[in-house]
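When a residue number appears, it is its place in the shown sequence, counting from 1. Counting starts at 1 for both ligands and their atoms, in listed order. The basis for the numbers below is simple: all heavy atoms, side chains too, and nothing from hydrogens, waters or symmetry mates.
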Amino acid sequence: MPTADVRIVDDAEDLAARVAREVALVLDSAVAQHGFASIVLAGGRTPHGVYEHIAATRRRDVAWDHVHFYWGDERHVPADDDRSNYRMACDALLDALPVRREHVHPMPTGVAPEQAAEEYERTLRAHFGTDWPTFDLVLLGVGADGHTASLFPGAAALGEFRRWVVATTAPVEPHERLTLTVPALTHGRSVFVLATGAAKADAVRCGLGSTSDPRCPVSFMATTSGRLVWWLDGAAAAHLSNQDRGEAQ
Ligand code: 6PG
């Protein structure tokens, strides 16, 4: 299992700019290699800042009409609801880029959660075949409690290693959620975990300092089979040991 690559930058603005650049490099390389690219988007303020930077500064760096967009998790709310991760990504990113609408694959929240999970898994299996989804890039935020996507501490979903998508619940509103499972997330060719602010310092420490701890779901990302990069600002990295910092750039 490769050690995590830890990138520590000054602040949230610097992180958004650096990650936006790296996202464009990964997607551009993927399109050059196999004619298209696939990215998993996350919800939350930290990913939102990255999306705004991509929309503002990376429009010319990627053949966006060759990129497929998926979601790592979704709140089970209507697509036009202010709390929707799909709506947030459209507002901050997709509406500003020349993407092809048929390449945008939101989680279906118009049906019951369990049915939505099954439908989304069918969508992914149709695109990736039957092994595991090998997304070119998976973006993930981290909650102060150590959750990532909608995998929350102690969730049964953390023990799901056969299915790719499951319905689950969150301790915070909106409670009903859809989420990719650990294996679906960790078979990505690159996985970026994004965290800024002092409130995330403990979650980052446990996420980098342990593996597959149900009390800290982001620690399951240590099982990533491809490249795992933690993008942190100084405040979120404040509780890391020198060893955990790895090859901090
Ligand atoms: C969601 C996200 C969630 C988010 C983290 C970090 O649906 O809310 O997928 O996992 O990425 O909670 O969010 P912040 O960056 O806003 O702290």
Note: [X]-[Y] ion pair, threshold 4.0 Å (strictly below):
X	Y	value
R162	E121	no
D136	R189	yes
D82	R87	yes

With atoms numbered from 1 as shown, which atoms in ligand 1 lie under 4.0 angstrom from a non-hydrogen atom of [X]?
X	value
P47	15 (O)
N85	1 (C), 7 (O)
G141	11 (O)

Can you tell me which residue and heavy atom of the protein come closest to [atom], and the distance to 0.1 Å?
atom	answer
atom 10 (O) of ligand 1	A149 O, 2.7 Å
atom 14 (P) of ligand 1	R45 N, 3.5 Å
atom 15 (O) of ligand 1	T46 OG1, 2.7 Å
atom 4 (C) of ligand 1	G43 O, 3.3 Å
atom 6 (C) of ligand 1	V142 O, 3.4 Å
atom 13 (O) of ligand 1	G44 CA, 3.6 Å
atom 12 (O) of ligand 1	H147 NE2, 2.7 Å

Ring centres under 6.0 angstrom apart ([X], [Y]):
X	Y	value
F128	Y70	yes
H175	H76	no
F135	H187	no

_Geometric cation-pi criterion, R125 with W164: 6.0 Å, 45°_ = yes
*Side-chain heavy atoms of L180 within contact of M107, under 4.5 Å*: yes
*When rounded to the nearest 0.5 angstrom, what is the spacing between CG in L15 and CG in D10?*
10.5 Å
*Are any of the N/O atoms in L140 less than 3.5 Å from those in ligand 1?*
no
*Does any N or O atom in S150 lie less than 3.5 angstrom from one in ligand 1, N or O only?*
no
_Using the rule given for salt bridge (charged side-chain N to carboxylate O under 4.0 Å, His left out), can you reason through R59 versus D61, listing the C-alpha separation, both sets of side-chain angles and the distance that settles it, and then say yes or no?_
CA-CA 6 Å; R59 181 188 174 87; D61 296 3; over 6 Å; no
_Identity of the nearest option to atom 9 (O) of ligand 1, non-hydrogen atoms only, from L41, D73, T196_ = D73
*asked:* Heavy atoms only, cut-off 4.0 Å: how does H48 contact ligand 1, side chain, backbone, both, or neither?
replied: neither
*At under 4.0 Å between heavy atoms, which part of R75 makes contact with ligand 1: side chain, backbone, both or neither?*
side chain
*Could a heavy atom of K200 be found less than 4.0 Å from some atom of ligand 1?*
yes
